[in-house]
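Side chains included, hydrogens not; waters and symmetry mates left out as well; all remaining heavy atoms used. This chain uses plain numbering: 1 for the first residue, then up along the sequence.
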Amino acid sequence: MLTLNSSEWQVVLRDVNTTSEMMRRYYRIVKESMRAMSGYMVKMQSWPGKKMLAKHIWLDAAHADWLRSRALELRYPRVDVDEDSDRHLIRVLEKLPTAGSDVIFLTYLYEVIKPALLQSFQTYLSESDPLDDAPSHVYLNRIVPELQLELAEYQSILKQSQSGILLKLAPSVEAKSFIAGVISACGGIEGPDQEPLSDAHQAYLTQPDYELPSEGAREPAWEPAIMQVPPRKPNNEVEERVWIAIDHANEVWASETPAALIWTYKGMPWSLYFNAARWCYDEMRHAMMGEQRLASMGFRIGIDYPMVPDHWRTYYTERGLKGLLLLLHGLEQKGPLNKAAKKVTLAEQNDLEGSQDCDYDWADESGHISFGLAWIKALFPHHSKEQIMAETQEIVGNWSAWIQRYHQEGLHQYDVFMERIEERATAYMHK
């Protein structure tokens with residue numbers, strides 16, 4: 001590496017191998033941070049934090065894809081970009097979800113790792129040859145403003161006053177110092193990769209691996225709930241809108257499922273992670289559609305209607321993540337037809353905003369079907385098409401039977417929500 005200076009510019013001359021190694025390390029940091037975010041998102045109790053992570057998982061997957069592409073362009077196919085060449089760095093990043101709280105996890109990512117990446121990207125742009133290395137400049141100039149957006153959104157939720165989990169808490173100085181030290185000890189953002197040698201760093205790396213919780217976490221201040229499906233059909237058009245919005249709001253479980261896939265299955269083809277990240281954000285967008293619609297009608301999230309990971313609670317322990325994947329895929333196969341019908345119904349009621357929600361949901365789910373099928377083929381390589389269809393139909397049927405039984409036997413514990421829903425729906429009709 002050689003630095004050339006003039007009165008107007010400075011260029012750090014790097015050969016192709018050096019540049020490709022830097023792009024590979026950038027890629028691994030963004031990819032493995034994204035995987036850590038995906039794993040912790042399931043555990044995240046903070047509702048603003050959970051929504052933010054889902055969006056940033058998708059953005060980071062796009063950033064990782066650009067960095068991966070650039071590393072491969074720079075003669076890197078001769079050594080696969082996805083192999084564990086930066087294994088010490090990867091070990092550090094895989095431990096991130098072991099953080100003891102939402103605040104500490106967000107501190108690791110948004111107070112240390114992402115700012116360090118941003119600084120390195122900006123330095124790279126200011127020093128590298130803008131002609132010889134022009135494609136790197138194009139990719140990084142796309143990434144930098146989105147990374148700045150992520151950090152701004154993080155600062156925004158820190159300022160929010162939220163009941164239950166408060167993200168107003170100051171980031172831990174000790175947490176910032178510790179994780180910055182561990183990353184520096186393994187070679188930092190730019191490498192080269194090296195093994196941390198201090199006892200404190202080794203203790204961090206040898207602690208038990210992070211394991212997903214048995215169900216997605218929710219704000220502790222929210223009312224406890226068994227299920228999200230109301231125990232009766234809607235009695236009028238306003239209630240029908242509320243029922244649809246409650247179903248939308250509770251698609252959080254469907255966001256957590258592809259996030260869990262990204263975390264749980266290491267070493268899968270990059271395309272699976274890339275599409276699962278989009279899937280994760282799409283499903284969270286659907287949940288936010290429901291939250292927004294209900295808020296506009298005067299409903300308080302988690303108080304006037306349930307927010308519950310009932311799919312996870314019912315199937316994860318018994319059938320595992322693969323079972324949840326089959327359930328989600330089976331339900332989404334019916335999604336486009338169901339959402340298309342709801343789009344028409346709401347349009348006929350002159351609820352154009354609700355109709356638009358269902359229209360975009362329908363568009364998203366058409367793509368999710370292919371994402372789900374790709375994951376199923378990867379995780380069930382020896383299953384025939386008939387076996388996959390049969391198992392999917394079985395688990396969807398079991399889910400429908402579970403809802404029906406809980407309604408018929410009065411196990412739904414929905415009474416407190418029904419009282420509030422009926423009261424607020426009536427008040428909305430008489431506005």
Side-chain angles (χ1 to χ4, degrees), residues 21-44 46 49 52-53 56-57 60-61 63-64 67-68 71 81-124 143 147 150-151 154-155 158 167 169-212 259 262-264 266-267 273:
E21 288 172 2
M22 288 186 68
M23 290 295 155
R24 182 198 65 201
R25 192 166 177 88
Y26 285 157
Y27 160 63
R28 296 314 297 260
I29 294 172
V30 177
K31 174 189 175 184
E32 297 304 329
S33 297
M34 182 272 290
R35 289 189 62 245
M37 292 160 65
S38 300
Y40 194 89
M41 196 201 82
V42 181
K43 180 183 175 182
M44 177 73 70
S46 162
M52 180 185 73
L53 283 185
H56 295 179
I57 286 165
D60 286 357
H63 301 165
L67 294 166
R68 182 178 186 274
V81 73
D82 288 301
E83 73 170 14
D84 290 347
S85 300
D86 296 288
R87 59 186 180 277
H88 299 304
L89 168 72
I90 292 168
R91 286 178 63 207
V92 169
L93 298 176
E94 286 179 337
K95 295 296 182 180
L96 293 175
T98 62
S101 70
D102 291 357
V103 172
I104 292 175
F105 180 78
L106 294 176
T107 297
Y108 286 170
L109 264 296
Y110 291 88
E111 297 284 340
V112 178
I113 295 173
K114 288 180 180 292
L117 274 170
L118 177 60
Q119 182 178 8
S120 186
F121 292 161
Q122 291 173 323
T123 299
Y124 189 100
I143 294 170
L147 189 50
E150 290 185 25
L151 293 172
Y154 164 70
Q155 291 297 326
L158 285 183
L167 290 179
L169 297 175
S172 166
V173 174
E174 293 79 7
K176 289 172 64 174
S177 176
F178 175 75
I179 202 65
V182 176
I183 291 172
S184 176
C186 73
I189 297 297
E190 297 173 6
D193 198 54
Q194 59 193 39
E195 183 173 9
L197 298 177
S198 78
D199 292 342
H201 297 157
Q202 289 302 320
Y204 173 75
L205 293 172
T206 56
Q207 64 181 310
D209 293 338
Y210 171 73
E211 293 185 4
L212 290 172
I262 291 171
W263 169 255
T264 300
K266 182 180 178 180
Y273 297 131

*So, does Q194 use its side chain to make a donor-acceptor pair with the main chain of A185 at under 3.5 Å?*
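Checked: pair present.
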*Could you tell me whether a side-chain N or O of S120 sits under 3.5 Å from a main-chain N or O of A116, the two making a donor and an acceptor?*
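Absent.
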*Kindly determine whether Y108 and K95 satisfy side-chain contact (heavy atoms from CB on, under 4.5 Å), including the steps that lead there.*
CA-CA 11 Å; Y108 286 170; K95 295 296 182 180; over 6 Å; no
[atom1] of [X] to [atom2] of [Y]: how many Å apart, nearest 0.5 Å?
{"X": "L118", "Y": "L151", "atom1": "CG", "atom2": "CG", "result": "6.0 Å"}
{"X": "M37", "Y": "F105", "atom1": "CE", "atom2": "CZ", "result": "6.5 Å"}
{"X": "M22", "Y": "I189", "atom1": "CE", "atom2": "CD1", "result": "10.5 Å"}
{"X": "H88", "Y": "L93", "atom1": "NE2", "atom2": "CG", "result": "13.0 Å"}
{"X": "Q122", "Y": "L147", "atom1": "CD", "atom2": "CG", "result": "8.5 Å"}
{"X": "S33", "Y": "L89", "atom1": "OG", "atom2": "CG", "result": "8.0 Å"}

Below 4.5 Å, heavy atoms only, C-beta onward: do [X] and [Y] meet side chain to side chain?
{"X": "Q202", "Y": "E195", "answer": "yes"}
{"X": "L96", "Y": "I113", "answer": "yes"}
{"X": "L109", "Y": "H56", "answer": "no"}
{"X": "I90", "Y": "R28", "answer": "yes"}
{"X": "Y26", "Y": "H63", "answer": "no"}
{"X": "R24", "Y": "S85", "answer": "yes"}
{"X": "I183", "Y": "I29", "answer": "no"}

_Stepwise side-chain contact (heavy atoms from CB on, under 4.5 Å) test for D102 and Y40_ = CA-CA 9 Å; D102 291 357; Y40 194 89; 2.8 Å; yes
*asked:* Looking at E190, I'd like to know if its CD atom is crowded, meaning that more than 12 non-hydrogen atoms belonging to other residues, nucleotides or ligands lie closer than 6.0 Å.
replied: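 Buried by this count: over 12 neighbours within 6.0 Å.
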*Over 60° means perpendicular and under 30° means parallel, so classify the ring planes of Y110 and Y154, tilted if in between.*
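Y154 vs Y110 ring planes: parallel.
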*Using side chain to side chain contact (heavy atoms under 4.5 Å, CB included) as the criterion, list what pairs up with E174, not counting sequence neighbours.*
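S172.
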*Nearest heavy-atom pair of G39 and L212: which atoms, and what distance?*
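Scanning both residues, the minimum pair turns out to be O-CD2, 3.7 Å.
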*Which heavy atom of P196 sits nearest a heavy atom of H201, and at what distance?*
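Closest approach of P196 to H201, heavy atoms only: CB-CB, 3.6 Å.
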*For I179 and I104, run side-chain contact (heavy atoms from CB on, under 4.5 Å): C-alpha distance rounded to whole Å, both residues' side-chain angles, the deciding distance at 0.1 Å, then the answer.*
CA-CA 10 Å; I179 202 65; I104 292 175; over 6 Å; no
*Can we say R35 and E32 salt-bridge, meaning some charged N sits less than 4.0 Å from an Asp/Glu carboxylate O?*
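Yes, charged N to carboxylate O under 4.0 Å.
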*When you check the gap from the basic side-chain N to the acidic O, do K31 and D60 get nearer than 4.0 Å?*
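Salt bridge flag = no for D60 with K31.
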*Give the intermediate values and the outcome of side-chain hydrogen bond (donor to acceptor under 3.5 Å, both in side chains) for residues Y204 and T98.*
CA-CA 10 Å; Y204 173 75; T98 62; 5.0 Å; no
*Step-by-step side-chain contact (heavy atoms from CB on, under 4.5 Å) determination, V173 to K176*: CA-CA 5 Å; V173 174; K176 289 172 64 174; 5.6 Å; no
